[in-house]
Amino acid sequence: MPELPEVETLCRQLNAIISGKKIIKVEVLDRRLGDIEGVAGGRVAAVVRRGKTIEIRLDETTFEIHLRMTGRLLWQDETGPPPPHTRLVVSFSAGRLLLIDPRRFATCRVRTEAPPAALIENPLAGLPAGRLREIARGRRLPVKNFLMDQRLVAGIGNIYACEILHEAAVDPRRPACSLAQAQWRRMEKAAAIILPRAVECRGTTVSDWRDLFGAGGTNQDHLRVYAREGSACPRCGGRIERAKLAGRGTWFCPACQK
DNA sequence: TATAATGTTAGACT
DNA sequence: AAGTCTAACATTAT
C-alpha cells in the first residue's frame, strides 16, 4: 500500500518521536515476521527511508520494516487493547509502535550490512533524465514497469507511476528504451512536481492509508488518472482508460499520453 | 461468486 | 546470460 511519499511521511513522524529512545520490549504476534526480539534494549539513532523500506537505525544494527500492500504503523500513547490485525508491538517508555497488517505481507528484519542500492536511490531528491535514459537503454519492458522496478528506481509504486506518466504525457505501455530525450526530461519534471507534493500532503488516502497517528493524507485531491477509468482527462478532455501491466491496474489517457 | 487491491519475488520462459 | 513474465503469498472489500 504505501509508496515513497507514504513511507517518507512515516519516517519523518517516527524520527520526531522515537529518535534517541530505547526499545524496551518487542512482542511478535505473527510468527511469520520471524525472530526480531533481539532489537529489544537497542537505542534508536535515527529513522531513515530506503525506497519503500523503513530503516530504524539502532546503535549497532538496523531494524527494517517493509509494509508491502496493507501494512500500517500506528503510534499509541496509552496501552489499550491493540486493534484487529496487529502483528507486532514495539514498546518505548513513552508509548508504543504497532504494526497492523490484514494481509500479512509486511516483513521485518534485523541487518548489519546495507543491501545493494537501487540505481536511482531516492527519486524524491530527483529523477534525472540522463540517468533514466542510460538505465533504460536496451530494456524493452513497458516504461511503467521500468519505473516500478525497485532495483532500478527505489520507491515508486502503482499510484505514483501512473500519475508521473500522465503528468509527463508518456504512454505507460511504451518500451522503456523507446522514449525520446524530451520525454525523459518531462518525466524528470513530472516527478519533481508529484513526489514532493505528495509528501507535503502526507500521502494518498484512496482506501486505507493512514499516517503514524491515524490521520489520512490529502494527495488524493491531486490525482489525475489513478482509479479514474471513464472520467475526462484534466489535460485534454480525453477518456481515461484502464489497462493491465505487470498484473497491475494502469490508468492513462490514450489521447495525450504518447 | 469472482475480481481486484498503493508490493515483492521465486521460478519459468525467452 | 540477461531480460521479462507469471503465479504466489493472505485477507478484505466490492
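Hydrogens, waters and symmetry mates are skipped; everything else that's a heavy atom, side chains included, is used. Remember, it's a predicted structure, so these values are computed and weren't measured experimentally. A, B, ... follow the sequence lines: proteins, then strands. Residue 1 opens every chain.
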Undergrad: Distance check needed: C/dT11 C1' versus A/Leu99 CG, whole Å only.
TA: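 It is 15 Å, rounded to the nearest whole Å.
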Undergrad: Separation of A/Leu245 atom CG from B/dT8 atom P, in whole Å?
TA: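 Rounded to the whole Å, the gap is 17 Å.
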Undergrad: Counting the atoms with a prime plus P, OP1 and OP2 as sugar-phosphate, which does A/Thr70 contact under 4.0 Å by heavy atoms, base, sugar-phosphate, or nothing?
TA: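 Answer is nothing: A/Thr70 stays at 4.0 Å or more from every strand.
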Undergrad: In whole Å, I'd like the distance from the CG atom of A/Leu67 to the C1' atom of C/dA10.
TA: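 Atom-to-atom, A/Leu67 to C/dA10, this comes out as 16 Å.
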Undergrad: Taking donor-acceptor contacts at under 3.5 Å, does the side chain of A/Arg248 reach the base of B/dA5?
TA: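 No, no donor-acceptor pair under 3.5 Å.
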Undergrad: In whole Å, what is the span from the CD1 atom of A/Ile65 to the P atom of B/dG7?
TA: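 That distance rounds to 18 Å.
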Undergrad: Under 4.0 Å from OP1 or OP2 of C/dT12: is there any side-chain N or O of A/His85 that close?
TA: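 Looking at the OP1 and OP2 atoms of C/dT12, one of them is under 4.0 Å from a side-chain N or O of A/His85.
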Undergrad: Are the side chains of A/Arg139 and A/Leu152 in contact, using a 4.5 Å heavy-atom criterion?
TA: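 SC-SC contact between A/Leu152 and A/Arg139 confirmed.
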Undergrad: Between A/Phe105 and B/dG7, do the rings stack, that is, sit under 5.5 Å apart with planes less than 30° off each other?
TA: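 A/Phe105 vs B/dG7: stacking yes.
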Undergrad: What class does the angle between the rings of A/Trp184 and A/Phe146 fall in, given that below 30° is parallel, 30 to 60° is tilted and above 60° is perpendicular?
TA: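 Because their plane-to-plane angle lies in the 30° to 60° range, the rings of A/Trp184 and A/Phe146 count as tilted.
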Undergrad: Round to a whole Å and report the spacing from CD1 of A/Ile135 to C1' of C/dT4.
TA: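 These atoms are roughly 18 Å apart.
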Undergrad: I want to confirm an ordering. Mapping A/Ala246 and A/Arg242 to their closest nucleotides on DNA chain B, which one lands closer to the 5' end?
TA: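 Its nearest nucleotide being more 5', the pick is A/Arg242.
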Undergrad: Output the single nucleotide from B/dA5, B/dT8, C/dT4 whose closest atom is nearest the side chain of A/Gln150.
TA: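 Nearest to the side chain of A/Gln150 among the choices is B/dT8.
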Undergrad: Using the side-chain heavy atoms of A/Arg103, tell me which of these nucleotides is nearest: B/dT8, C/dA10, C/dC5.
TA: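 Nearest to the side-chain atoms of A/Arg103, counting from C-beta on, is C/dA10.
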Undergrad: Considering every strand and a 4.0 Å limit on heavy-atom distances, what is the contact class for A/Asp208: base, sugar-phosphate, or nothing?
TA: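 Here A/Asp208 touches the bases of the nucleic acid.
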Undergrad: Compare side-chain N and O positions of A/Arg104 against OP1 and OP2 of C/dT11 and report whether any pair is under 4.0 Å apart.
TA: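 For A/Arg104, the contact criterion (side-chain N or O under 4.0 Å from OP1 or OP2 of C/dT11) is met.
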Undergrad: Specify the separation, in whole Å, of atom CZ of A/Phe146 and atom P of C/dG3.
TA: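 To the nearest whole Å, that distance equals 12 Å.
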Undergrad: Which whole-number value in Å describes the distance from A/Leu141 CG to B/dC13 C1'?
TA: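 Roughly 16 Å, once rounded to whole Å.
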Undergrad: Counting heavy atoms from C-beta on, name the nucleotide in C/dA10, C/dT12, B/dG7 closest to the side chain of A/Arg32.
TA: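 For A/Arg32, the side-chain atoms sit closest to C/dA10.
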Undergrad: What integer number of Å spans the P atoms of B/dT9 and C/dT12?
TA: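 Between the two P atoms, the distance is 24 Å.
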Undergrad: For C/dA7 and B/dT3, measure between their P atoms and round to the nearest Å.
TA: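 Approximately 13 Å lies between the P atom of C/dA7 and that of B/dT3.
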Undergrad: Minimum heavy-atom separation for A/Cys162 and A/Lys144, please, with both atom names.
TA: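 Where A/Cys162 meets A/Lys144 most closely, the heavy atoms are SG-CE, 3.9 Å.
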Undergrad: Can you figure out which of B/dT8, B/dA4, C/dT4 approaches the side chain of A/Lys244 most closely?
TA: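 Between B/dT8, B/dA4, C/dT4, the one nearest the side chain of A/Lys244 would be B/dA4.
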Undergrad: Could you give me the CA-CA distance, side-chain angles and deciding distance for A/Phe63 and A/Val26, then say whether side chain to side chain contact (heavy atoms under 4.5 Å, CB included) is met?
TA: CA-CA 12 Å; A/Phe63 176 38; A/Val26 174; 5.8 Å; no
Undergrad: At 4.0 Å (heavy atoms only), tell me whether A/Pro102 reaches a base, stays on the sugar-phosphate, or touches nothing.
TA: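 Sugar-phosphate: the residue A/Pro102, judged by heavy atoms under 4.0 Å, touches backbone atoms but no base.
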Undergrad: What's the gap between C/dA13 and B/dT8 when it is taken at their C1' atoms, as a whole Å value?
TA: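 Comparing C1' positions in C/dA13 and B/dT8 gives a spacing of 22 Å.
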Undergrad: OP1, OP2 of B/dT8 versus side-chain N and O of A/Arg151: anything below 4.0 Å?
TA: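 Checking B/dT8 against A/Arg151, no side-chain N or O comes under 4.0 Å of OP1 or OP2.
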Undergrad: For the side chain of A/Tyr226, counting heavy atoms from C-beta on, which of B/dG7, B/dA5, C/dC9 is nearest?
TA: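 The closest nucleotide is B/dA5.
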Undergrad: Whole-Å distance between C/dA10 C1' and A/Ile100 CD1?
TA: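 Answer to the nearest Å: 17 Å.
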Undergrad: So what's C/dA10 paired with, Watson-Crick or G-U wobble, going by both distances under 3.5 Å?
TA: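 Base-paired to nothing in any strand shown.
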Undergrad: Please round to the nearest 0.5 Å and tell me the distance separating atom CG of A/Leu141 and atom CE of A/Met148.
TA: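 Those atoms lie 11.0 Å apart.
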Undergrad: Applying side chain to side chain contact (heavy atoms under 4.5 Å, CB included), name anything that partners A/Ile24, two or more places apart in sequence or on another chain.
TA: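 Checked A/Ile24 against side chain to side chain contact (heavy atoms under 4.5 Å, CB included); matches are A/Ser91.
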